[in-house]
Structure formats: structure tokens, C-alpha cells
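Structure record follows, encoded as C-alpha cells.
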Amino acid sequence: MLLYGWASGEPTRLDTTDLVTRQLTASWAIGPNATPVGGWRELAGRALDRAAAGGPVPPITRFPLHRAADAHAALERRAATGKVVLVNTERASC
């Protein structure tokens with residue numbers, strides 16, 4: 001299990017009971033010993049350069065504006081992928 005973010009507003013709970021009863025092993029994937037070659041600033045610079053060049057494209061889950069409640073529910077259930085964006089699907093007539 002990879003944990004990241006607090007999409008529901010609270011961290012995902014995982015304790016020793018979960019580990020023991022499910023026979024799981026937990027370890028750090030990223031920590032103080034995982035500093036990239038060149039440091040974090042160099043990595044951030046490369047990421048910004050790549051973003052300025054048009055990639056990578058972040059995952060987005062779109063909901064029509066009138067389904068804002070569904071978007072909120074998806075966030076709470078952690079059912080959305082990436083950022084949640086409300087889109088106005090009504091076009092103004094000119």
C-alpha cells in the first residue's frame with residue numbers, strides 16, 4: 001500500500017493491529033535516506049523544466065458543475081484520480 005495525500009481531509013489510518021492481523025510488513029519508500037542525486041532543488045528544477053515543455057500531464061477527474069456534490073463525495077470516498085475539477089458544461093449563447 002502506498003499512502004499519499006489527505007484527499008478526505010484525514011490521513012489513512014494504519015496501525016500495528018492492521019499489520020499483525022493481515023500479516024503485512026511496512027517500511028518507508030521515501031525518507032531521509034532517499035535524497036536524489038543532486039538534491040531536491042535539482043530534482044524540482046528538472047520537474048519544472050519538464051512541465052514547461054508540456055509534460056507530464058497530471059491525472060484529473062472532471063465533474064460537471066451541477067454534480068459538485070458527487071465530486072465532493074468522490075473525494076471523501078477516495079474514488080477520484082488526481083485532481084478533481086468542476087467543469088461548467090453550459091455554454092452561454094451569444
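No experiment lies behind these values; they were computed from the predicted model shown. The first residue in the sequence is number 1, and the count goes up from there.
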May I ask you to decide if Thr61's main-chain N or O and Thr81's side chain share a donor-acceptor pair within less than 3.5 Å?
no

Kindly give the heavy-atom pair with the smallest separation between Leu19 and Ala26, and that separation in Å.
CD2-CB, 4.0 Å

Partners passing side chain to side chain contact (heavy atoms under 4.5 Å, CB included) against His66 (at least two apart in sequence or in another chain):
Pro64, Thr89

Using a 4.5 Å cut-off on heavy atoms from C-beta on, say whether the side chain of Phe63 contacts that of Val84.
yes

Indicate, with yes or no, if Leu75 and Val85 share a hydrophobic cluster defined by side-chain heavy-atom contacts under 4.5 Å among Ile, Leu, Val, Met, Phe, Trp and Tyr.
no

Test side-chain hydrogen bond (donor to acceptor under 3.5 Å, both in side chains) applied to Asp70 - qualifying residues, sequence neighbours left out:
Arg67

So salt bridge (Lys or Arg N to Asp or Glu O under 4.0 Å) across residues 51-62, not counting sequence neighbours, yields none

Sequence neighbours excluded, the answer for side chain to side chain contact (heavy atoms under 4.5 Å, CB included) partners of Thr21 is Thr17

Please write out which residues are connected to Leu48 in a hydrophobic cluster, directly or through intermediates, given that two of Ile, Leu, Val, Met, Phe, Trp, Tyr count as joined at side-chain heavy-atom separations below 4.5 angstrom.
none

Scanning both residues in full, the closest heavy-atom pair of Leu24 with Asp18 reads CD1-O, 4.0 Å

Side chain to side chain donor-acceptor pair (under 3.5 Å): pairs with one or both residues in residues 43-53, sequence neighbours excluded
none

